[in-house]
Every structure is written in C-alpha cells, then in structure tokens.
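I have placed the structure first, in the form of structure tokens, so that the comments after it can refer back to it.
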2 protein chains.
Amino acid sequence: MPLSEPLVDLVAQRFRVLGEPMRIRLLDLLREGEATVGELQQALGASQQNVSKHLGILHGAGMVTRAKRGTSVVYAITDDSVFDLCEQVCGGIRRQLSDMESILGQPS
Amino acid sequence: MPLSEPLVDLVAQRFRVLGEPMRIRLLDLLREGEATVGELQQALGASQQNVSKHLGILHGAGMVTRAKRGTSVVYAITDDSVFDLCEQVCGGIRRQLSDMESILGQPS
DNA sequence: CACCTCCACAACCGAGTGCTTGTGCTAGCG
DNA sequence: CGCTAGCACAAGCACTCGGTTGTGGAGGTG
C-alpha cells in the first residue's frame, strides 16, 4: 500500500534537512562529542550567524540538543542513528563508484 | 577524523535527491514493480513533464533504471537499499512522535 | 553599573529549484 | 506516408533557501 501524503512530506522534509553540506559537516563534528557554537564556527571557518542558523534547523528537526552552559550554548547529537543513515548513503556511493570503475576498467 | 569535503557534498546531494515528496512517492510506487511514465503520472495525478523530470533526476542519481519498451519507457528501482533509508527515517519519525506523546500524556 | 562575550533572531539578496507551458523526437498504426 | 501516442528537453515564472548584514538579549567580568 502506498505511503500517506503527510508521511511522505515528513520523510522528504527529514531528507531535506540532511541535504546541506554544512549541516552534514556540523553533525560530523558533533560526532566526536558536544561542542559550542564558537567551536563549530572556528572548525568550519564560517560565520557565527550561519552556523547558528543551521544548528537551529538541526535542532528544529530534533537531531541535536541545545543546552546553555554559562554564556555559551552547547550542542550535541540527539540520536546516533543519524550516522547509520550517512553510513548507508556512503555505502551506496562507494557501490556506484566501484560499478563505474568496473565499467571503465573494461573498455570496449 | 572528519569527512572530506567532496564526500560531504556527495552525501548531501544524495540526501537532497530524496528531499522531494514527489520523488519519494515515485520510489514508493516503483516499490511494487516497474512502471511506465504514463502509469506513474496517472497514479500521482501530476503532469507528464513533471513526472518525467523527477524520474530523470532519480535516474541521474542512479536510483532508478530506464528502459524503452515499445513507445513507452519503463522505470524500475536500481537498488532496494533505498527503502532501508526510508525505513530508518520513518523509524526516527515514529520515535519522535512517541516521545511527544509521552510528554503530552504527562502534563505538569 | 558599564562593558564585553556569546549567541539567536530578522531583514535582505542572489542562487537554486519545482512546476508549468511549449516543443521536438521516436515508435507503433492504419 | 500521415497520424497519434508516449516521452524528454528547454524556457519562463514563482517560490524556496543559503549566506550575509544588522541588531538585540542573556550572561559573565571588573
């Protein structure tokens, strides 16, 4: 049976959140542990406002947690299952690359 | 160690392809087997050009295969692993919903 | 209290994208 | 050969979105 329309929208919205390189990089940095906005900003070399904006989107999607510690704000991964998604995607990319190489390796 | 920049872009691009409701619906329809553009168009109630365009994007990402059969073009899922991704996302959505309900079910 | 740090929110702009309209091309059919 | 069906490509338009700039507020520090 086909998926319901609202569920389709939710799934698409979730994928769209992960469809930005900077957000992928933020999640990848938070993979090693919690970090403040300043630390992430320095690690990425981006503006503070931009980093904060993307972190807000990730927080709105429930993928990261926000906690105030002193004057700083600490972000952390909510659920490690996000990395399973990235792992599957990386696996798919590797598979396509190997297919490409096997084709290029045997010219007509 | 952090992910390399080109890999981050590839992963984000892949997620972005799945970040459109209509493409999710197309993959969901193809889940039951191969189908022509006209069949998918009728099932979705969308324009033929729009369906063809999204199918082209899915084909460019290597997620569906294209084959000409008579005057029609038949599309099919390339790799079933795409559905594992959707399953994980749906699982995450269900988890968040249950968390929301558990919070709303216990008012302060 | 004055000052600075750290961060989030809002407005703006340029680029990307989804959808529509229009068109051309290929394959079957009488 | 003329005609239709089925599909992909291209241009145009409206919308979304990512990035920058500007600003305000919360929380330490002297």
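Just so we're on the same page: letters track the sequence lines, and every chain starts at 1. No hydrogens, no waters, no symmetry mates; every other heavy atom, side chains included, goes into these values.
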salt_bridge(A:Arg69, A:Glu34) N-O dist < 4.0 Å:
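Between A:Glu34 and A:Arg69 there is a salt bridge, with a charged N closer than 4.0 Å to a carboxylate O.
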
Going by heavy atoms in the side chains, are [X] and [Y] under 4.5 Å from each other?
X       : Y       : result
B:Asp9  : A:Ile24 : no
A:Gln42 : A:Gln48 : no
B:Lys68 : B:Val74 : no
A:Leu58 : A:Tyr75 : no

B:Arg25: which of B:Leu40, B:Leu44, B:Leu30 passes side-chain contact (heavy atoms from CB on, under 4.5 Å)
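Considering B:Leu40, B:Leu44, B:Leu30, a side-chain contact (heavy atoms from CB on, under 4.5 Å) with B:Arg25 is found only for B:Leu44.
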
Between protein and nucleotides 12-21 of chain D, map the contacts as a letter string: B base, S sugar-phosphate only, - none, heavy atoms under 4.0 Å, written 5' to 3'.
-----SSBSB

Axis bend over the full length of the helix from C:dC1-D:dG30 to C:dG30-D:dC1, computed from five pairs that close each end, to 10 degrees
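Comparing the first five pairs with the last five, the axes sit 10° apart.
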
Starting at atom [atom1] of [X], determine the distance to atom [atom2] of [N], rounded to an integer number of angstrom.
X       : N      : atom1 : atom2 : result
B:Arg69 : D:dC7  : CZ    : P     : 11 Å
B:His59 : D:dC7  : NE2   : P     : 15 Å
A:Leu58 : C:dA8  : CG    : P     : 12 Å
B:Gln41 : C:dT20 : CD    : C1'   : 13 Å
B:Leu18 : C:dG18 : CG    : P     : 12 Å
A:Arg66 : C:dC6  : CZ    : C1'   : 13 Å
B:Leu26 : C:dC19 : CG    : P     : 10 Å
B:Leu44 : C:dG18 : CG    : P     : 15 Å

Under 4.0 Å between a side-chain N/O of A:Tyr75 and OP1 or OP2 of C:dA8, yes or no?
yes

If you compare every side-chain N and O of A:Thr71 against the phosphate oxygens of D:dG27 (OP1, OP2), does one of them come in below 4.0 Å?
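Answer is no, no contact under 4.0 Å.
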
Describe the nucleic acid contact of A:Ser52 in one word from base, sugar-phosphate, nothing, applying a heavy-atom distance below 4.0 Å.
base

Hey, is the main chain of A:Leu55 close enough, under 3.5 Å, to the side chain of A:Arg23 for a donor-acceptor pair?
no

Does the ring of B:Phe83 carry B:Arg31 above it, NZ/CZ under 6.0 angstrom from centre and within 45° of its axis?
yes

When the nearest nucleotide of DNA chain C is assigned to B:Lys68 and to A:Val74 on a heavy-atom basis, which residue is associated with the more 5' position?
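Taking each residue's closest nucleotide, the earlier one in sequence belongs to A:Val74.
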
Minimal non-hydrogen separation, B:Gln41 against B:Val51, with atom names
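Heavy atoms of B:Gln41 and B:Val51 come nearest at CA-CG2, 4.0 Å.
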
